[in-house]
Amino acid sequence: MIKVRLADGQILEVDKGTSAADVLKEGLSKKQKKRLILARVDGELKDLGFRLQNDCKLEPVFLGDEQAQEVLRHSTAHLMAQAVKELYPEVQVAIGPAIEQGFYYDFNTREPFSPEDIAKIEKKMKELSKKALPIERIDMPIDEAIAFFENKKEPYKVELLEDLKKEGAETVSLYRQGEFVDLCRGPHLPDTGKIQAFKLLSVAGAFWRGDENREMLQRIYGTAFFDKKALKEHLDRLEEAKRRDHRKIGKELELFSIEESIGPGLILWHPKGALVRKIMEDFWRDEHLKRGYSLLFTPHIAKRELWKTSGHLDFYAENMYAPMQIDEVEYQIKPMNCPFHIAIYNSRKRSYRELPLRWCELGTVYRYERTGTLHGLMRVRGFTQDDAHIFCTPGQLDQEIIEILDMTLYMLQVFGFQKYDIYLSTRPDKYVGSDEHWELATNALKRALENKGLAYEIDPGEGVFYGPKIDIKIKDCLDRSWQCSTIQVDFNLPERFDVKYTGEDGQEHAPIMVHRALLGSLERFFGVLIEHYAGAFPIWLSPIQARVITITDRQDEWAKKVLEILRSKGIRADLDLRNEKLGKKIREAQLEKIPYMLVLGDKEVADQSVSPRTRRGETLDAMSVEEFAELLEKQAMQEKMGGVTSPGNSKQE
RNA sequence: GCCGGCAUAGCUCAGCUGGUAGAGCAGCUGAUUCGUAAUCAGCAGGUCGCCGGUUCGAGUCCGGCUGCCGGCUCCA
């Protein structure tokens with residue numbers, strides 16, 4: 001007999017080996033029984049059929065349980081694989097896990113799946129769901145399982161099992177629903193009838209085990225929820241994400257373009273995009289100067305020899321553009337700014353009294369990225385990093401990191417981002433630098449994060465070979481994470497370039513070099529910004545803050561005067577004098593997501609006023625130009641101070 | 001780079017099974033002088049991404065290239 005503690009605190013004595021379902025179903029209504037899908041045993045999700053072996057805490061898990069969503073999606077992946085096998089028996093199954101937004105399953109097929117195939121598969125899944133096939137777990141000795149899948153002609157499962165065997169596994173679990181049997185750790189829902197709200201979303205190629213030297217499989221992505229409403233909301237979110245796509249908005253608002261005649265991954269910043277960039281840059285430079293940084297400018301090319309010294313030709317060559325010969329000497333375009341900053345450091349002897357040195361540059365770099373990886377502004381070949389290098393003594397490291405974190409969070413917040421994930425990447429297998437240095441630097445990063453009270457995850461072994469790092473990833477509207485901010489300690493370059501300072505003791509010491517970018521790159525950050533605001537930038541970032549709109553040509557003179565006053569006050573305004581109806585002018589300004597429209601009719605001319613309308617659709621009482629300018633400036637200031645989101649766009653569109 | 005899809009006017013898109021291109025918006029011209037999301041009329045605009053092939057004939061079929069899209073891999 002074992003003791004089972006139930007959710008209400010009651011303790012039951014049951015036979016060892018009793019199934020969780022048997023205990024849990026006791027006293028449940030018929031309705032509740034139907035909704036019971038899993039058991040939580042000592043906090044861990046288990047199948048209902050799980051046999052209780054020890055004293056434990058046992059709770060029921062019902063449909064809709066948030067933590068069970070992953071199980072639902074995993075079971076849906078199995079359901080999809082079952083459907084595929086029933087429709088196309090010759091297809092081999094690979095793996096099919098639940099992922100953050102849904103699930104996928106990889107298949108090896110002779111013919112790739114067409115959209116019609118996907119529709120068929122989805123239909124089949126619905127049929128199978130209706131049958132409410134029980135999903136049963138089968139525990140099997142590993143050799144038996146290998147034989148089983150060999151017999152079924154499922155080589156991918158065999159490969160997985162053989163690896164499990166090498167790792168010392170003796171038995172494995174299989175899950176069966178109808179004719180379909182899959183290797184799986186589980187747990188799963190009790191039957192396929194519990195899978196109600198799902199949708200297959202896309203097909204794509206994916207390498208077997210993520211290895212580009214292995215064969216390419218067909219991956220079908222899908223998602224599943226406990227109820228139809230949640231599914232619909234999710235699909236609506238995906239639609240909204242499409243509407244916010246920075247590539248679409250970038251074109252509509254004439255912010256930037258990428259032209260085939262120029263080259264892939266190379267960004268043309270159009271006037272409005274360039275203006276936003278200028279505002280971003282001004283803010284960035286001001287903040288850096290405020291915080292004791294000095295500004296640098298460095299060239300775009302350097303002698304090949306420099307890249308040899310830096311080690312880039314050893315470990316980064318495939319990302320660099322080919323050398324060009326100038327006066328018999330080979331030059332190469334920079335993929336990074338660091339060696340230039342070091343050259344400035346090394347231009348003379350440095351004393352400990354000068355440290356820390358904080359040098360920043362909006363440095364444009366070029367990296368060869370494979371064509372398939374390019375993505376709008378998010379992944380490009382030429383981009384401007386908001387780079388900085390800090391040279392400091394080991395004793396100064398903690399404080400420097402804290403200040404960098406502080407500044408990063410401040411900047412992200414001003415731009416309107418409160419949500420991000422923080423990762424601390426530690427020493428990889430291959431690395432340079434002493435263990436002592438690694439520990440010092442890793443601890444400094446850790447202490448800084450803790451000092452700021454920031455939650456972070458450790459990415460073990462994911463540091464760069466030259467040092468540990470903190471990465472901050474911003475989430476975009478599709479919930480894709482984009483690495484923007486990065487703080488990296490570098491032990492490699494100072495050594496390669498023999499970077500030194502003279503200490504208090506008169507001896508030469510190696511400074512610690514910290515490499516950091518707050519926004520990451522202006523291109524990517526701009527892309528994230530566009531999607532974050534759906535193009536309706538806060539007032540302080542808007543390329544056009546106000547548009548002066550006349551009703552008839554009788555207001556032209558006053559309109560020109562208004563524009564002049566606004567511009568003299570540093571407000572970014574323009575003028576629409578066209579012979580069009582007011583409604584059309586409003587509509588166009590609205591579609592351009594201009595925060596304020598200043599409507600001028602005969603009334604406004606008579607009392608020398610403006611009638612503002614916000615892009616939200618609110619009309620304000622007429623006021624003087626000066627009053628409006630004050631209002632605008634006040635709002636822009638508030639946005640920057642509090643990082644508050646300014647009035648969004650009106651709902652119509 | 002790999003798998004699949006796509007490429008028609010500045011933009012968004014039609015163009016059935018091959019018979020040598022069409023709409024809306026934008027642009028230009030004119031009329032209209034209008035109060036908070038599209039005034040009306042006219043005009044102009046395309047070697048159908050590029051190269052080659054099949055065919056009496058190719059936007060349409062086939063091959064190659066370039067670019068883009070969804071992913072994989074890789075990264076700021």
Side-chain angles (χ1 to χ4, degrees), chain A residues 104 106 109 111-115 201-221 242 245 247-248 251-252 254 257-265 316 318-319 335-336 363 365 367-381 383-387 464 471-474 482-486 488 515-525 527-528 549-556 579-591 597-604 611-615 617-620 622 649-653:
Chain A
Y104 67 79
D106 287 347
T109 65
E111 293 280 310
F113 295 114
S114 66
L201 297 170
S202 63
V203 200
F207 298 108
W208 168 233
R209 305 194 122 177
D211 181 345
E212 60 179 316
N213 299 311
R214 300 294 300 268
E215 58 270 39
M216 170 108 1
L217 306 173
Q218 293 296 311
R219 173 172 299 178
I220 304 178
Y221 284 93
K242 266 191 205 160
D245 192 312
R247 293 165 299 187
K248 183 173 173 307
K251 192 182 277 178
E252 285 166 359
E254 293 189 76
S257 71
I258 302 166
E259 304 289 337
E260 193 172 343
S261 60
I262 306 291
Y316 211 72
E318 71 276 15
N319 281 297
M336 291 181 189
V365 298
R367 299 180 185 174
Y368 171 76
E369 303 286 354
R370 294 149 105 195
T371 51
T373 65
L374 300 174
H375 180 91
L377 291 173
M378 303 298 201
R379 187 80 186 275
V380 296
R381 284 183 172 166
F383 58 100
T384 302
Q385 291 182 303
D386 68 313
D387 212 352
V464 200
D471 285 331
I472 301 180
K473 296 185 182 181
I474 300 182
W482 290 104
Q483 186 177 321
C484 290
S485 319
T486 183
Q488 310 181 346
H515 169 114
R516 47 111 282 200
L518 307 183
L519 310 179
S521 79
L522 294 178
E523 285 75 7
R524 177 176 291 179
F525 198 77
V528 176
I549 297 175
T550 53
I551 296 175
T552 74
D553 52 16
R554 291 193 298 278
Q555 295 89 40
D556 284 9
N579 178 10
E580 294 287 354
K581 285 187 152 181
L582 178 60
K584 176 157 180 163
K585 295 189 185 186
I586 296 274
R587 175 181 157 82
E588 287 184 4
Q590 186 77 54
L591 292 175
M597 293 150 242
L598 302 178
V599 175
L600 270 50
D602 290 337
K603 255 191 299 178
E604 284 75 15
S611 289
R613 176 194 201 273
T614 69
R615 61 183 162 193
E618 309 148 328
T619 50
L620 278 52
N649 230 26
S650 77
K651 282 166 216 144
Q652 282 190 48
E653 331 142 47

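When reading the values below, keep in mind they use all heavy atoms of this one structure, side chains included, and skip hydrogens, waters and symmetry mates. In what follows, chains carry the letters A, B, and so on, assigned in the order in which the sequence lines appear, proteins first and then strands, with residues in each chain numbered from 1. Remember, predicted model here, so these are calculated numbers, not experimental data.
- Comparing G67(B), A76(B), A26(B) by their nearest atom to the side chain of Arg367(A) picks out A76(B).
- Comparing C13(B) with A7(B), their C1' atoms are spaced 13 Å from each other, to the whole Å.
- OP1 or OP2 of C68(B) has not a single side-chain nitrogen or oxygen of His375(A) nearer than 4.0 Å.
- OP1 or OP2 of C25(B) has not a single side-chain nitrogen or oxygen of Lys584(A) nearer than 4.0 Å.
- Listed candidates were A38(B), G71(B), C34(B). Nearest to the side chain of Arg587(A) is A38(B).
- When the P atom is used for both G52(B) and C2(B), the distance is 25 Å, rounded to whole Å.
- The NZ-C1' distance, from Lys473(A) to C75(B), rounds to 10 Å in whole Å.
- With rounding to whole Å, Leu620(A) atom CG is found 20 Å from G35(B) atom P.
- In this structure, Glu252(A) reaches neither bases nor backbone, as no heavy-atom distance under 4.0 Å exists between it and the strands shown.
- Ionic pairing of Arg209(A) and Asp211(A) is not present here: no N-O contact between side-chain nitrogen and carboxylate oxygen is shorter than 4.0 angstrom.
- Between the P atom of U12(B) and the CG atom of Leu591(A) lies a distance of 15 Å, rounded to the nearest Å.
- The neighbour count for Glu252(A) CD, taken as heavy atoms of other residues, nucleotides or ligands under 6.0 Å away, is above 12.
- Here G67(B) presents its C1' atom at 4 Å from CD of Glu260(A), a figure rounded to the nearest Å.
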Practice item. Could you please spell out the steps behind the side chain to side chain donor-acceptor pair (under 3.5 Å) verdict for Ser257(A) and Glu259(A)? Key: CA-CA 6 Å; Ser257(A) 71; Glu259(A) 304 289 337; 2.9 Å; yes
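- The same atom, P, is picked in G49(B) and in G15(B); the two are 15 Å apart, to the nearest Å.
- For the atom pair CE of Met597(A) and CD1 of Ile549(A), the computed distance is 6.5 Å after rounding to the nearest 0.5 Å.
- In this structure, the side chain of Arg381(A) engages the main chain of Glu369(A) through a donor-acceptor pair within 3.5 Å.
- Taking only side-chain atoms of Ser611(A), from C-beta outward, the nucleotide of U73(B), U36(B), A38(B) with the closest atom is U36(B).
- Judged by atom type and distance alone, Arg379(A) reaches the base of C74(B) through a side-chain donor-acceptor pair under 3.5 Å.
- Checked by atom type and distance alone, the side chain of Asp386(A) pairs as donor or acceptor with a backbone atom of Leu519(A) at under 3.5 Å.
- In this structure, CD of Glu212(A) is placed 10 Å from P of C2(B), rounded to the nearest angstrom.
- The closest side-chain donor-acceptor pair between Gln488(A) and Thr486(A) falls under 3.5 angstrom.
- Along RNA chain B, the nucleotide closest to Gly601(A) and the one closest to Gly210(A) are compared, and the more 5′ of them pairs with Gly601(A).
- Comparing U36(B), G71(B), G1(B) against the side chain of Ala204(A) picks out G71(B) as the nearest.
- Across the interface with RNA chain B, nearest-nucleotide mapping of Gln483(A) and Ile551(A) shows Ile551(A) to be the residue nearer the 5′ end.
- At the heavy-atom level, Tyr221(A) lies under 4.0 Å from the strands shown only through sugar-phosphate atoms.
- Residue Ser114(A) is classed as having no contact, given no heavy-atom separation below 4.0 Å to the nucleic acid.
- Each of U36(B), U33(B), A76(B) was ranked by its minimum atom distance to the side chain of Val599(A); first place goes to U36(B).
- Distances shorter than 4.0 Å separate none of the side-chain N or O atoms of Gln385(A) from OP1 or OP2 on A76(B).
- Under 4.0 angstrom from either OP1 or OP2 of G4(B) there lies no side-chain N or O belonging to Arg219(A).
- Within 4.0 Å (heavy atoms only), Glu254(A) reaches no atom of the nucleic acid at all.
- One atom, CZ of Arg381(A), and another, P of G1(B), lie 8 Å apart when rounded to the nearest Å.
- Annotation: G63(B) and U54(B) have their C1' atoms spaced 11 Å apart (nearest Å).
- Looking at heavy-atom distances under 4.0 Å, Lys581(A) makes contact with a base.
- Between the base of G67(B) and the side chain of Glu259(A) there is no donor-acceptor pair shorter than 3.5 Å.
- In this structure, the CD1 atom of Ile220(A) is 19 Å from the P atom of G70(B), given to the nearest Å.
- Of the listed nucleotides (G35(B), G70(B), G1(B)), G35(B) has the atom at the smallest distance from the side chain of Lys603(A).
- Contact between the side-chain N/O atoms of Arg247(A) and the OP1/OP2 oxygens of G70(B) is found at a separation under 4.0 Å.
- Side-chain proximity of Arg524(A) to A76(B), A37(B), A38(B): nearest is A76(B).
- Residue Asp602(A) is classed as a base contact, given a heavy-atom separation below 4.0 Å to a base.
- The phosphate of U12(B) has OP1 or OP2 within less than 4.0 Å of a side-chain N or O from Lys251(A).
- A distance of about 38 Å separates the C1' atoms of C56(B) and C69(B), rounded to the whole Å.
- Gly520(A) comes within contact range of the sugar-phosphate backbone alone, with a heavy-atom separation under 4.0 Å but no base atom that close.
- Residue ring and nucleobase are stacked for Phe383(A) and A76(B), with a centre distance beneath 5.5 angstrom and an angle between planes beneath 30°.
- Here, C11(B) and G1(B) have their C1' atoms 32 Å apart, quoted to the whole Å.
- With hydrogens and angles left out, the side chain of Arg554(A) and the base of U33(B) share no donor-acceptor pair within 3.5 Å.
- Between the side chain of Arg367(A) and the backbone N or O of Pro335(A), at least one donor-acceptor pair lies under 3.5 Å.
- Nucleotides A14(B) and C75(B) place their P atoms 38 Å apart, quoted to the nearest Å.
- Put simply, OH on Tyr316(A) is 10 Å from C1' on C74(B), counting in whole angstrom units.
- No contact: Val365(A) has no heavy atom under 4.0 Å from any strand.
- Distances shorter than 4.0 Å separate some side-chain N or O of Thr371(A) from OP1 or OP2 on G1(B).
- Using a 4.0 Å heavy-atom criterion, one finds that Glu369(A) contacts the bases of the nucleic acid, with or without backbone contacts as well.
- Spacing between U20(B) and G59(B) at atom P, rounded to whole Å, works out to 10 Å.
- Under the side chain to side chain donor-acceptor pair (under 3.5 Å) rule, Gln590(A) has a single partner from Arg615(A), Lys585(A), Arg613(A), which is Arg613(A).
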